[in-house]
Every structure is written in C-alpha cells, then in structure tokens.
A.B. asks: 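Got a structure here, written out as structure tokens. Questions coming.
Since this is a predicted model, take the numbers as computed values, not measurements.
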Amino acid sequence: MAGKSYTEGRFLAATDDQRQELPTGARLGSAAGYLFDDIWVHISGYLDQTNISSAYVSGMKEDLELYGDELNYFTTFFSISYCLMLIPSQVIITYVRPSYWLPGLEIGWGFVTAFIAFTQNARQVYALRVLLGLFESSAWPGMMTLFMYWYTPMELAKRMGFYHSCQALGSMMSGALQVAILETLEGTWGLRGWRWLFIINGIMTLAIGLAGFFMIPDYPKLPNPGAFWLSADHAAMATVRLDRHGRSDTKRITWDSAKRTFSMWIAYFIPALYIATVLAPYGYNYFNLFLKSLKNPDGTPTWTTEEVNAIPIAGGAINIVCVWIWAILSDVFQTRWTLVVAQAIIGLIPCTIMSVWTSHPDTTPLSSAYASYLMTYLSLGTAPLVMSWLSELLPQDSEARTLIIGYSIAGVYAVLSWSQVLIWPASQAPYYAYAWQLSIVFWLLVIVMCIALRIAERKLKRPRANSALLGEDDTSATYRDIPES
C-alpha cells in the first residue's frame, strides 16, 4: 500500500463484500442521475431569474417607464433577500427533509413569478423581487449539498456540471419562450407578451414544485419515503459507496459545528474563490443589452426584439457544452484546480478585447465584441469544479460543507446586490466604464487563489495519506490547522 494514493488506500480498505458491490454501484450513478429529476427545479429557478432581462428588452422597459437603472435594482432587491435567506435555508435542510422544504419554497416562488405579470410600476416589481429572492435562495445551494451526499469524487463534478448547466438551459428557454410568446400571445386577453412570460413561467414553476415532493431523494440514510422510484437497495448502495470514499453522512448543524466551521480558514477562502469566479465572467448577462443598443446607420435597431431574445441562445448552447466538457474532464483526470485555471486564462481573452472595444468602439471592429460575448460563455463551468473541490477538501465534515456552500453563494449575492449597479449599470450599456477591466482583475485573482489552494491541499494530503496507511482515523486533519501561506 505504500505506493498507493490516499483515494486508492480508501478503496483497498473496503471489505470483500463492499468490493463485490462495486459493479452495482455504477447502476446507482445512473439511477440517481435521472432520478434527480429536480434538475427542473434549477431550470425553473434560473428561468425565473433571467426572464426579467428578457421581459425588459421585450416591452417591459417602455410599459413601466424603466429609463434609469431599474433593471439593476431589480437584481439588487432580489440579491439582498436571496443572501439573507440562504444560510438559514442551509441550516433548515439539516432539520427538515429537503423533499418538503425545497418544493414548498418553489411553489411560493411560482406564485410570486406569476404576480409580476400584473405589476404597474417599478416599486411593485421591487417588492415581488424581494419575495422571489427569499423563496429561490434554497434551490441551487440545497441541491449542491444533496449531490455531495449521493456521489463519489469519481462522478461528483459531472453530476454537478449537469445540474449547473441547467442555468444556461433556463436562460435559453427564457429567450426562446419570449420569442414564441411575442409571436403567439402578444395582446391576448389584453396582456403584453412580456406579461405572459411571467405567467407561463409561474405555472411551470408550480408544476415542478409539486413534482419535487416525490422526486427529491433526501439523504442516503434518510431517503424520501414518497420517492417511489428510489429503492432501499439504492439508498444502501449509496451509503456503502460514500463510506468507501471517506464521506460522512448528514448531520444537523449546531452552534458548535458552526463555530468549528468559522475557525477554518478554508471557510473563507472557498467563498472568496467562488465569488471571484462568478464576478469575472459576469458580463455575459448583458449580451442582450448589447444587442438592443446596436443601431443601423439610419438609426433603426440592428436587431428586432425577437432577435435580441434569440441570439443569446447560441451563447447558452456554448455554455451547456463547455460546462459538461469541463466537468467530465475534471472527473476523468481527477483534477479541479487546473481546469479552473484553464477557464480563467480563456476568460481573460474576451475581457481584454472588450476593455479595448468599450474604450475605442469607433476604431475596434464590432465583430470583436460579438466574438467576445460568445467567448465569455466558454468560462462558465467553474462552479461545479469549485464545489467538487470543496467536497474533497472536507470529506468528513458535512456540517462545514453545508455552511460553506451557503455563505459562498450568499457572498455572491451580497456582492451582486451593490456591485452590478456600480459596475454594470444598464444606463451605460454597452459602453461600461470599467466593468471589463475589473473582470480581468477577478480572473487573475482566480488563478492566484487556485494555485495557493492547491499548494495548501498538497500539504494536508500528506498527513491524511499517512493516517490512511496506518489505519488511523483521519478526521482530525482539518483546514483550520494549515497556515494560509
């Protein structure tokens, strides 16, 4: 065993009976893959988040007289409430079954989404966006937490990547849905097409929320009794597989576990890294504003409203394919940091080009801006890798993982609640003063942080490997014992 890696050591520690179950374990990955049908939770969630932008360029701006930075403030109000509710939600799912909590909140946000269709001014939208943030805050972090309880390091990034790619699918559906609505429902029953977008999104969300009561599997050792598709053998199989990889079962978050988490430097490093990976490519969210701003020489819009909603679908397709590729490569080669760094390097290219274009639009080809916006989608696959990396850094501390996921995402929305108004103001689109330059800084920060975390990870793995070889418990090795250098 001296020549084996730590992971291989964990495999060799399995009993003969456990080894015989390895082939059936593969079937669990396939079963849980489609049985996590609540990926539709994420599609509907991101659809509800992005439809505000689709509606804005499809008549909402003019109907509600949104001629300032109201679009940014819609995101601000959503982000503040999302941030405030997220960590409590992460604690609650350790006490309340996720199959009750997550669908219940989804039903709530389905109603709120539909109500936006009947707003008459920005203030009413602000109020509903606050409620929407409260209800939606549980979806992405809650599901990422559940994935860590069901999947091993050999498949975790792929599963997270598949789920994460539903963000792009939701964005694509929002654009495609708006195009279809404008062509078929515009003016029906006296309602504008953008209002129908919210009504239809709300109905879809309600249906998915109801299905969630039966489709979310809960935890391997506490499976959802209403999940008719999940057998006891599957749940037992999942437990054996995770035990073999040194993964702990779910535990309720207490004050002691929270204090222990707050004492770990990794509990601050991962959120900072995650926030940087989200902020760096954030300009892709405003591709449609770029398209809407373009004019022909005679002053007419270059693109119709339908085209403004349809063109970004190409970016979403690029995003989906790339997220899958990055995640699959990560699991195949069992590396996270190298692929995050690779995406950062790729991301630097469009940010640099756009920094030049926004400063010198008359002398820089417009085609370079089109290419840059599309290229930005290549580097949107970092989240599954960072979260998979977190699972490997803290395999035995489920409470810390759950909390770190929570305030990583809460940190993102806390920053977005004010930063996008200052950095990406809609009134400046598409000639942002310093947004793309800041994106360059964030990508450079991501590269430096990944290298630093990899060095720290290698330092921790040495005592872990020695403990495994000696047959000792390795749970005492935590990231609060390693200096940040």
A.B. asks: For the pair F214 and F228, name the ring-plane relationship: parallel under 30°, tilted 30 to 60°, perpendicular over 60°.
C.D. replies: tilted
A.B. asks: How would you list all residue pairs meeting salt bridge (Lys or Arg N to Asp or Glu O under 4.0 Å) that involve residues 324-336, not counting sequence neighbours?
C.D. replies: K158-D331, D331-R336, R336-E392
A.B. asks: ring-ring contact (aromatic ring centres under 6.0 Å, His included) with F287: which residues, sequence neighbours excluded?
C.D. replies: Y373
A.B. asks: Between R401 and Y149, is NZ or CZ placed under 6.0 angstrom from the six-membered ring centre and within 45° of the ring axis?
C.D. replies: yes
A.B. asks: My understanding is that only residues two or more places apart in sequence, or in another chain, count here; which of them pass ring-ring contact (aromatic ring centres under 6.0 Å, His included) with W196?
C.D. replies: W189
A.B. asks: Return each pair, listed once, that meets salt bridge (Lys or Arg N to Asp or Glu O under 4.0 Å) where at least one residue sits in residues 409-419; pairs must be two or more places apart or across chains.
C.D. replies: none
A.B. asks: Donor-acceptor check, side chain of Q334 to backbone of P153, threshold 3.5 angstrom: yes or no?
C.D. replies: yes
A.B. asks: Under 4.0 Å between a side-chain nitrogen and a carboxylate oxygen: does that hold for E399 and R252?
C.D. replies: no
A.B. asks: Just grab all the salt bridge (Lys or Arg N to Asp or Glu O under 4.0 Å) pairs involving residues 78-100, residues at least two apart or on different chains.
C.D. replies: R97-D218
A.B. asks: Quick one: do F147 and Y163 satisfy ring pair (Phe, Tyr, Trp, His ring centres under 6.0 Å)? Show the steps, please.
C.D. replies: CA-CA 10 Å; F147 282 133; Y163 182 73; 5.3 Å; yes
A.B. asks: Please step through side-chain hydrogen bond (donor to acceptor under 3.5 Å, both in side chains) for the pair S388 and S391, ending with a clear verdict.
C.D. replies: CA-CA 5 Å; S388 297; S391 180; over 6 Å; no
A.B. asks: Using ring-ring contact (aromatic ring centres under 6.0 Å, His included) as the criterion, list what pairs up with Y126, not counting sequence neighbours.
C.D. replies: F74, F77
A.B. asks: Could you check whether atom OH of Y268 has more than 12 heavy atoms from other residues, nucleotides or ligands sitting under 6.0 Å from it?
C.D. replies: yes
